[in-house]
Structure formats: C-alpha cells, structure tokens
Amino acid sequence: MPSFTSPPDPIIFNHQVWEIVYQVPAGQVATYGQIARMIPAPEGVQAKAYAALGPRWVGSAMAKCPEDVPWQRVVNSKGEISLRPGAEHQRRLLEEEGVLFDERGRINLKIFGWKSSIDEPEQPHLL
DNA sequence: GTTGTGACATCGC
DNA sequence: CGCGATGCCACAA
C-alpha cells in the first residue's frame with residue numbers, strides 16, 4: 001500500500017494529522033483539506049505541491065491511523081465519506097455521535113463542520 | 001526504467 | 001449545485 005506521496009518525514013506528518021484528528025470533538029467532522037491547511041508544509045515542499053498533495057497526505061496518514069484516532073470524523077470536502085470498505089460502519093459511528101446525513105449520504109459541513117482554532121480567520125468587514 | 005495507483009481539492013460550465 | 005477534468009509526489013511491481 002503506497003503511502004501516497006509521503007512527505008520528507010512521513011512519521012512526523014502522520015503524527016501531526018493524528019494529533020489534529022484527536023482534537024476533533026464528537027459530533028463534528030473535519031475535511032482532509034482543512035486538516036492539511038492546518039499543518040504547515042514541510043521544508044523542501046513547494047507550497048503549490050503541498051496544496052495539491054496535502055489533502056492526500058492526510059488521507060494516507062488516515063490509512064495508517066491507529067485505532068485511537070477517530071478517523072471516522074475525517075471526510076472529504078463534500079462532507080461525504082470516502083470510498084472505502086467500512087464506510088457504512090463509519091457512517092454509523094458518526095450517526096451515533098449525532099452527525100446527521102443527507103438523503104444522499106452527505107454531511108452538512110455548515111452545521112457539523114469542525115471549527116478549528118487556526119482555521120477560523122477573523123470575519124472580514126463588509127465595507 | 002516505465003506504468004499505475006493512491007481515505008482529495010479546486011476550477012469551469 | 002453537480003459533474004468532468006486536472007494537478008502533483010512517491011512507492012511498488
């Protein structure tokens with residue numbers, strides 16, 4: 001199983017990802033892109049490359065996530081559970097946490113989207 | 001050495 | 001809002 005674009009320090013990066021996922025409270029979900037943006041690009045990695053690969057790095061990190069990590073709370077930007085065996089189980093776990101799914105099996109990120117501290121920029125003034 | 005793939009995001013119509 | 005196409009890196013066979 002390819003690590004899919006492992007950063008210079010995959011161990012460190014994965015740890016960063018897991019640490020963030022740990023911070024996701026039950027009943028809320030975070031997206032791969034959101035998590036990727038919360039982690040600074042490792043040295044030697046172009047910002048553009050990181051922008052394109054960050055989310056996937058997060059994905060690969062989740063592929064190796066320990067059981068302690070609530071990987072179930074990590075979904076794609078569409079608020080949908082990624083294709084993968086056990087998705088039904090994941091959905092069930094989220095429902096147990098109070099996360100509601102649309103008829104299409106998607107989560108309303110407007111409601112259940114995790115509000116990370118650093119990902120919550122100050123609201124711009126509408127001049 | 002080449003080919004294929006891999007838990008995604010974003011832009012355009 | 002939904003669908004289609006594109007971008008980018010590293011590892012494995």
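The chains referred to below are lettered A, B, ... by the order of the sequence lines, with proteins before strands, and numbering in each begins at 1. Just so you know, these numbers come straight off a predicted model, no measurement behind them.
Partners of A/Tyr32 according to the ring pair (Phe, Tyr, Trp, His ring centres under 6.0 Å) rule, which considers only residues two or more places apart in sequence or in another chain, do not exist here. Residues passing the side-chain hydrogen bond (donor to acceptor under 3.5 Å, both in side chains) test with A/Glu95, sequence neighbours excluded: A/Arg91. With sequence neighbours excluded, no residue forms a salt bridge (charged side-chain N to carboxylate O under 4.0 Å, His left out) with A/Glu19. Checked against ring pair (Phe, Tyr, Trp, His ring centres under 6.0 Å), A/Phe112 has no partners two or more places apart in sequence or in another chain.
Every pair passing salt bridge (charged side-chain N to carboxylate O under 4.0 Å, His left out) that includes a residue from residues 70-79 of chain A is listed here, sequence neighbours excluded: A/Arg73-A/Glu97. Residue pairs meeting the ring pair (Phe, Tyr, Trp, His ring centres under 6.0 Å) criterion with at least one partner in residues 63-107 of chain A, sequence neighbours excluded, do not occur; the list is empty. Under the salt bridge (charged side-chain N to carboxylate O under 4.0 Å, His left out) criterion, no residue pair touches residues 98-113 of chain A, with sequence neighbours excluded.
A/Leu53 has its CG atom 14 Å from the C1' atom of C/dC11, to the nearest Å. Between A/Ile11 atom CD1 and C/dA10 atom P the separation is 16 Å, expressed in whole Å. Atom OH of A/Tyr32 and atom C1' of B/dG6 are 12 Å apart (whole Å). As rounded to whole Å, 15 Å separates atom P of B/dA9 from atom CE of A/Met38. The CG atom of A/Asn76 sits 7 Å away from the P atom of B/dC8 (whole-angstrom rounding).
Within residues 92-107 of chain A, the residues approaching DNA chain C are A/Arg104, A/Arg106, by heavy-atom distance under 4.0 Å.
Taking every side-chain heavy atom of A/Gln90 into account, B/dA7 is the closest of B/dA7, B/dA9, C/dC8. Minimum atom distance to the side chain of A/Thr31 is reached by B/dA9, of the listed B/dA9, B/dA7, C/dC8.
Linking Ile, Leu, Val, Met, Phe, Trp and Tyr whenever their side-chain heavy atoms come within less than 4.5 Å puts A/Ile39 and A/Trp18 in one cluster.
For C/dC8, its base sits under 3.5 Å from the side chain of A/Arg56 at one donor and acceptor pair at least.
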Would you tabulate the nitrogen or oxygen pairs shorter than 3.5 Å linking the protein to nucleotides 10-13 of chain B?
{"from": "B/dT10", "atom 1": "OP1", "to": "A/Arg37", "atom 2": "NH2", "distance (Å)": "3.3"}

